[in-house]
Amino acid sequence: MARAKITSVRGVKDILPEESPRWQRVEALARETFARYGYSEIRVPIFERTELFARSIGEETDIVNKEMYTFDDKGGESLTLRPEATASMCRAYVQHALYSQPGVAKLFCIGPMFRYERPQAGRLRQFHQIDAEAFGSEDPSVDAEVIVMLADFLSAAGLKDLSLQVNNLGDAECRPAYSRALKEYLREAAQGLGPEVKERAGRNPLRFLDSKDPDHQAIIARAPTIDRYWNPACRAHLDAVCDRLKGAGIRYEVNPRLVRGLDYYCLTVFEVTSSHLGAQNAVCGGGRYDGLVEELGGPPTPAIGFAIGMERLLQLTGGDSGESAGPPAALDAFIVPLGGIAAAEAFALAGELRRGGLRVDLSFGGGSMKSQMRRAGRSGARFVLVLGDDEIAKGTVTLRDMRESRQEELPRAEILSKLSSGV
RNA sequence: GUGGGUGUAGCUCAGCGGUUAGAGCGCCGGGUUGUGGCCCCGGAGGUCGGGGGUUCAAAUCCCCUCACUCACCCCA
């Protein structure tokens, strides 16, 4: 009898009716908040040419090396499900010449991302991000505004116990010097570690600072930090950002060991973490990427943005257990037909009431009065409309108030106005 | 890709070598010729994740495998 069940793919989740209202609330809050800062929504495709991600995120990153969902379409072209949104937004910015519009282009995008990783707490293969990007200004005030908007949104979402860390990764002038110094230090310090670790430390030394391995912590703690290598411009940029943040009353911490996993970041980077999330504790990460737009064939365009992890954010609101909020949308009325003729009448009545703006459901499949009333009770509707032979003969409907356990018989023509007036 | 934990009803779990595998919740029906919730009664629902082995006998012990989960790498 039962055929083999087809289950969802590893690392992806259904968002069930009882939880989707929470998603909608968060998305609405993001739209409202970002609009107050002058941001407009852009919706970009969830797949792009593989080349786009390879070129923007960086050939040496884990995302490009091992985490992309890449496939050839029927025309033989290599496409990839987006692992992040920034690259697509830059592509769209260039493709549609949004740089020719005046001022800073402020865009946001909400949707699913895909990375082929082993799932764990707070990490899925399909996950969702709220992404905001500001193109066209290198003013540190824009950096600060982006962070203030983020903080505004997170606090409106009700998140507490968050930690905001800020750093400056340097520019084309001072970063290479730091990178060299760190590489040299690691060559010595990482002697006793495995070949794989040493190889990685040599190829991308900054990323080593991100390691959680307890054995690495001592090495990281003694490693040179970038703050000693900042040139005056970078230092001034960070100071200006911090100044604005202080002015806005934002609590933050400068962490000279904060790095990001994508190659395109420069200057300002930041991360928001929570202590209530487990190992994957970043709710949001972001930073400046002044070279990326040009790299993708656009004019030299400074830009900065961030990505918020929706699943992680939602895990921090309303508790993990999640109060089940009952039916998705409370019904105004539930119709119980008794008998075969009544079914057609009930169907028509439901239509009238719905066109009148009410939320109405009805009992399908017949059954005894008792079982249909049970359905009515569980529907959560305040009012039940009973439509049986008696009522049809008289042209009436029995209106029962489920909360008060009272009922009255009304002419059918009066039902809509009666319910619309809210009892 | 690597390591640990867990897989028994829709859900949460008990049973851990011995007749036909259980509970609570949920679901369906009945207790009222046309009235929900509370209560009472009844019912449906399980290849005990899958495969192999040990044994007179396996949900229970062993091996393999798959899934879920947590952690590493890395990131939202």
Side-chain angles (χ1 to χ4, degrees), chain A residues 1-2 4-5 7-11 13 57 60-67 82-86 110-131 150 194 196-197 199-201 204 207-216 259-262 271-274 277-286 306-316 321 324 334 336-339 342 363 365 367-392 398-407 409:
Chain A
M1 38 144 225
K5 281 179 194 156
T7 58
S8 61
V9 167
R10 160 174 253 186
K13 285 238 186 317
I57 298 170
E60 294 303 317
T61 62
D62 278 17
I63 290 180
V64 171
N65 276 325
K66 49 181 213 193
E67 295 174 4
R82 64 182 185 194
E84 55 117 38
T86 304
I110 300 175
M113 307 296 157
F114 306 84
R115 292 184 200 171
Y116 188 85
E117 298 183 88
R118 280 290 277 270
Q120 73 182 76
R123 168 189 289 161
L124 294 168
R125 288 183 172 182
Q126 175 178 332
F127 59 102
H128 298 77
Q129 290 187 334
I130 300 174
D131 227 280
L150 170 65
E196 206 177 304
V197 177
E199 198 270 332
R200 207 154 23 90
N204 201 332
R207 210 76 58 67
F208 187 84
L209 300 179
D210 229 4
S211 175
K212 283 181 199 148
D213 190 321
D215 293 345
H216 301 171
V259 293
R260 314 266 332 135
L262 288 70
E271 191 168 276
V272 176
T273 57
S274 163
L277 276 179
Q280 305 306 322
N281 62 355
V283 179
C284 175
F306 62 75
I308 298 165
M310 289 263 278
E311 281 83 357
R312 293 181 189 177
L313 185 153
L314 284 166
Q315 212 181 317
L316 295 171
S321 48
S324 45
F334 188 89
V336 169
L338 294 170
S363 169
S368 69
M369 181 70 172
K370 182 192 182 75
S371 72
Q372 297 207 79
M373 281 304 292
R374 219 185 334 245
R375 279 176 223 163
R378 269 183 302 224
S379 77
R382 169 80 188 273
F383 296 99
V384 171
L385 303 174
V386 179
L387 201 52
D389 294 342
D390 298 354
E391 284 87 353
I392 290 170
T398 296
L399 173 77
R400 180 174 178 81
D401 183 330
M402 296 297 271
R403 201 193 302 167
E404 305 295 329
S405 293
R406 275 201 303 260
Q407 63 188 47
E409 202 172 330

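Note: hydrogens, waters and symmetry copies are ignored here, and every other heavy atom, side chains too, is used. Chain identifiers are assigned alphabetically (A, B, ...) following the order of the sequence lines, protein sequences preceding nucleic acid strands; residue numbering begins at 1 within each chain.
- Among the heavy atoms of the strands, none lies under 4.0 Å from A:Ala376.
- A close approach under 4.0 Å does occur between a side-chain nitrogen or oxygen of A:Gln120 and OP1 or OP2 of B:rA71.
- For A:Lys66 against B:rC73, a side-chain-to-base donor-acceptor contact under 3.5 Å is present.
- Atom CG of A:Leu209 and atom P of B:rC73 are 13 Å apart (whole Å).
- Annotation: side chain to side chain contact (heavy atoms under 4.5 Å, CB included) contacts of A:Arg403 (sequence neighbours excluded): A:Arg382, A:Asp401.
- Atom CE of A:Met369 and atom C1' of B:rU35 are 4 Å apart (whole Å).
- At whole-Å resolution of the value, CG in A:Leu277 and C1' in B:rC70 are 14 Å apart.
- The residue A:Arg115 sits close to a base: some heavy atom pair falls under 4.0 Å.
- Checking B:rA76, B:rC73, B:rG34 against every side-chain atom of A:Phe127, the shortest atom distance belongs to B:rA76.
- In this structure, CG of A:Asn65 is placed 16 Å from P of B:rG1, rounded to the nearest angstrom.
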Short N/O separations, protein against nucleotides 28-30 of chain B, under 3.5 angstrom:
unit_1: B:rC28; atom_1: OP2; unit_2: A:Arg378; atom_2: NH1; d: 3.2
unit_1: B:rC28; atom_1: OP2; unit_2: A:Arg378; atom_2: NH2; d: 2.9
unit_1: B:rG30; atom_1: OP2; unit_2: A:Ser368; atom_2: OG; d: 3.4

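- Residues that satisfy the side chain to side chain contact (heavy atoms under 4.5 Å, CB included) test with A:Glu409, not counting sequence neighbours, are A:Glu391, A:Lys394, A:Thr396, A:Thr398.
- Between the side chain of A:Arg118 and the base of B:rC72 there is no donor-acceptor pair of N/O atoms closer than 3.5 Å.
- Contact annotation: side chain of A:Gln407 to base of B:rU35, donor-acceptor pair present below 3.5 Å.
- Shown here are the side chain to side chain contact (heavy atoms under 4.5 Å, CB included) partners of A:Ala121, two or more places apart in sequence or in another chain: there are none.
- Here B:rG34 presents its P atom at 16 Å from CD of A:Glu409, a figure rounded to the nearest Å.
- In this model, the phosphate group of B:rC73 is approached by a side-chain N or O of A:Ser211 to a distance below 4.0 Å at OP1 or OP2.
- Using a 4.0 Å heavy-atom cutoff across all strands shown, A:Ile63 reaches no nucleic acid atom at all.
- Residue A:Lys13 contributes atom NZ, which lies 15 Å from atom C1' of B:rA76 at whole-angstrom precision.
- Closest contact between the side chain of A:Glu67 and the listed nucleotides B:rG34, B:rG36, B:rC74 involves B:rC74.
- Note on A:Glu391: a base of the nucleic acid sits closer than 4.0 angstrom, heavy atoms only.
- At whole-Å resolution of the value, CZ in A:Arg400 and C1' in B:rG37 are 10 Å apart.
- For the pair A:Arg375 (side chain) and A:Ser363 (backbone), a donor-acceptor distance under 3.5 Å is absent.
- Residue pairs meeting the salt bridge (Lys or Arg N to Asp or Glu O under 4.0 Å) criterion with at least one partner in residues 118-128 of chain A, sequence neighbours excluded, are A:Glu117-A:Arg123.
- At least one side-chain nitrogen or oxygen of A:Gln280 sits closer than 4.0 Å to the OP1 or OP2 atom of B:rC72.
- Contact annotation: side chain of A:Glu117 to base of B:rG1, donor-acceptor pair absent below 3.5 Å.
- Taking CD1 of A:Ile392 as the start and CG of A:Leu387 as the end, the distance is 4.5 Å to the nearest 0.5 Å.
- The distance from atom CZ of A:Arg125 to atom C1' of B:rG1 is 11 Å, rounded to the nearest whole Å.
- Among the heavy atoms of the strands lying under 4.0 Å from A:Asp210 are primed sugar atoms or P, OP1, OP2 only; no base atom is included.
- In this structure, A:Val386 reaches the bases: a heavy-atom distance under 4.0 Å links it to at least one base atom across the strands shown.
- The ring pair (Phe, Tyr, Trp, His ring centres under 6.0 Å) check on A:Phe334 picks up nothing, with sequence neighbours excluded.
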